[in-house]
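FYI, side chains are in, hydrogens and waters are out, and symmetry mates aren't considered; it's all heavy atoms of this structure. Within every chain, numbering begins at 1; the chains are lettered A, B, ... in the order of the sequence lines, protein sequences first and strands thereafter.
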2 protein chains.
Amino acid sequence: MRSPVELVDAFRTQGLKVTPQRQLLFRLLHDNTQHPTADALFAQASAQMPGISLRTVYQTLSDLTAMGELQQVSFDTGPAHFDPNVADHHHAVCDVCGAIIDVYVDGADQLAIDGLDGFRPASASIVFHGSCAACAGT
Amino acid sequence: MRSPVELVDAFRTQGLKVTPQRQLLFRLLHDNTQHPTADALFAQASAQMPGISLRTVYQTLSDLTAMGELQQVSFDTGPAHFDPNVADHHHAVCDVCGAIIDVYVDGADQLAIDGLDGFRPASASIVFHGSCAACAGT
DNA sequence: TGTCAGTTCGCAACCGATGCGAATAAGGTG
DNA sequence: CACCTTATTCGCATCGGTTGCGAACTGACA
Ligand SMILES: [Mn+2]
Ligand SMILES: [Mn+2]
Ligand SMILES: [Zn+2]
Ligand SMILES: [Zn+2]
């Protein structure tokens, strides 16, 4: 995701308005590696801007996703997580604390595959489960 | 998942009862490679047993999952899919028709990984997106 | 056949997310 | 600066998928 100041320009040139709510979310998301949910962002936003609506958070998140500034990732059946890292990468989920960590996998595209007769893969997503450094102890 | 006759025994020895509803679902799931949703199974079941409840389908699916006879898999944000194949395998999802195909990936456990400092992976799941043989044309 | 724990099934509730629309505010224009 | 137009905010209703609850029912064993 681009920086807040760049996003201000990007929004204006698209005929979109730059509101305080949006600017706050730009700031909360920029360089954020936590993969927050809409609810988590709403909680953080509410602390700085009481009265902001969860609806507005959802709205802005889907605007940013549509503009390619965010990636939406989902695990299992829980709520969606939002990822300002739109580079090609994968994730490791800590089953203890729920942390989500960016992972870069070499050779993900040339995985030796068996069983897909004629299936043409366009993309692959890999999710590791396990325990993160903090939860694993050591 | 074991065969319907084996499941009858397994259920009885666990103090669980063998009802017509459960037996129907045993049959619908055995050797099923379609990865059906609860709703899809409910539709099939209703055709053979009008009046069966969606609630009962959910109930039986979660019983079977708890017994290790089924695996629950979810993609994106849609409904859960149920998989009688409990072997270690992965999936390919056709973005055109929605088909879900079993995939066996060699060397999935020794993927060259970068970025996870201290994360201890216990399992990995890989999901390919693309188009299936039928939808790809060729 | 009787007993009783396990099961079915309808309904309410739940969660995450989206549709709708009135009130509001951004931001360009005169 | 005042005004106008259009986008946005935000509360509320609604949605799809799933689970909780509990009264009525039924399988299984004695
Ligand atoms: Mn990420
Ligand atoms: Mn499968
Ligand atoms: Zn952890
Ligand atoms: Zn297809």
Side-chain angles (χ1 to χ4, degrees), chain A residues 4-5 7-26 28 35-43 45-46 48-67 70-83 98 100, chain B residues 4-5 7-26 28 35-43 45-46 48-67 70-83 98 100:
Chain A
V5 292
L7 288 175
V8 166
D9 279 357
F11 268 62
R12 289 232 176 89
T13 58
Q14 303 214 359
L16 302 177
K17 293 176 179 174
V18 176
T19 66
Q21 291 90 340
R22 283 178 174 173
Q23 285 177 291
L24 172 52
L25 286 164
F26 293 170
L28 291 177
H35 304 85
T37 62
D39 233 49
L41 287 164
F42 173 60
S46 296
Q48 296 186 41
M49 185 184 285
I52 189 174
S53 166
L54 175 59
R55 192 67 188 80
T56 298
V57 174
Y58 272 110
Q59 184 64 50
T60 301
L61 290 173
S62 80
D63 289 345
L64 286 166
T65 303
M67 293 172 65
L70 283 184
Q71 189 182 359
Q72 191 172 338
V73 293
S74 25
F75 308 98
D76 304 321
T77 52
H81 296 256
F82 293 86
D83 193 348
I100 298 169
Chain B
V5 292
L7 288 175
V8 166
D9 280 357
F11 268 63
R12 290 231 176 89
T13 58
Q14 303 215 359
L16 302 177
K17 293 176 178 172
V18 175
T19 66
Q21 291 90 340
R22 283 178 175 174
Q23 286 176 290
L24 172 53
L25 285 164
F26 294 169
L28 290 178
H35 304 84
T37 62
D39 232 51
L41 288 163
F42 174 60
S46 296
Q48 295 186 41
M49 184 185 285
I52 189 174
S53 166
L54 175 60
R55 191 69 187 80
T56 298
V57 174
Y58 273 109
Q59 184 64 50
T60 301
L61 290 173
S62 80
D63 290 346
L64 286 166
T65 304
M67 293 172 66
L70 283 185
Q71 188 182 359
Q72 192 173 337
V73 293
S74 27
F75 307 98
D76 303 322
T77 52
H81 296 255
F82 292 87
D83 193 348
I100 299 168

Checking side chain to side chain contact (heavy atoms under 4.5 Å, CB included) for the pair B/Gln59/B/Gln21: CA distance, chi angles, key distance, verdict?
-> CA-CA 11 Å; B/Gln59 184 64 50; B/Gln21 291 90 340; over 6 Å; no
Could you give me the CA-CA distance, side-chain angles and deciding distance for A/Phe11 and A/Phe26, then say whether ring-ring contact (aromatic ring centres under 6.0 Å, His included) is met?
-> CA-CA 11 Å; A/Phe11 268 62; A/Phe26 293 170; 5.0 Å; yes
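Between A/Tyr58 and C/dA17, a side-chain N or O to OP1/OP2 separation shorter than 4.0 Å is present. OP1 or OP2 of C/dC9 sits under 4.0 Å from a side-chain N or O of B/Thr56.
Atom CD of B/Gln59 and atom C1' of C/dG10 are 14 Å apart (whole Å). Distance CG (A/Leu54) to P (D/dG11): 10 Å, rounded to an integer number of Å. Rounded to whole angstrom, the span from the CG atom of B/Asp9 across to the C1' atom of D/dA28 amounts to 14 Å. We find that CD of A/Gln23 is positioned 15 Å from P of C/dA25, with the value rounded to whole Å. Across the protein-nucleic acid pair, B/Asp39 atom CG and D/dC15 atom C1' stand 14 Å apart, rounded to whole Å. Rounded to a whole Å, the CG atom of A/Leu25 is 12 Å from the C1' atom of D/dT9. Look at CZ on A/Phe11: it is 8 Å from P on D/dT8, rounded to the nearest Å. The separation between A/Leu24 atom CG and C/dA26 atom C1' is 17 Å, rounded to whole Å.
Judged by distance alone, the side chain of B/Thr13 and the main-chain N or O of B/Ala10 form a donor-acceptor pair under 3.5 Å. A/Arg22 places no side-chain N or O within 3.5 Å of a backbone atom of A/Thr60 that could act as its donor or acceptor partner. In terms of modelled atom types and a separation under 3.5 Å, the side chain of B/Arg12 and the main chain of B/Val18 share no donor-acceptor contact. Under the 3.5 Å distance criterion, the side-chain polar atoms of A/His81 are matched with a main-chain donor or acceptor of A/His35.
Along DNA chain D, the nucleotide nearest A/Pro20 and the nucleotide nearest B/Gln72 are compared for position; the residue whose nucleotide lies closer to the 5' end is A/Pro20.
Counting non-hydrogen atoms under 4.0 angstrom, B/Gln21 reaches the backbone sugars and phosphates but no base. Across all strands, B/Gly78 comes closer than 4.0 Å to no nucleic acid atom at all (heavy-atom distances).
Residue A/Arg22 has its side chain nearest to D/dT9 when only C/dA17, D/dT9, D/dG17 are considered.
The base of C/dG19 sits within donor-acceptor range of the side chain of A/Arg55, with an N or O pair under 3.5 Å.
Atom OG1 of residue A/Thr65 and atom CZ of residue A/Phe82 lie 5.5 Å apart, to the nearest 0.5 angstrom.
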Pairs: protein N or O with nucleotides 27-30 of chain C N or O, under 3.5 Å:
unit_1	atom_1	unit_2	atom_2	d
C/dG27	OP1	A/Arg12	NE	2.9
C/dG27	OP1	A/Val18	N	2.8
C/dG27	OP2	A/Arg12	NH2	3.4

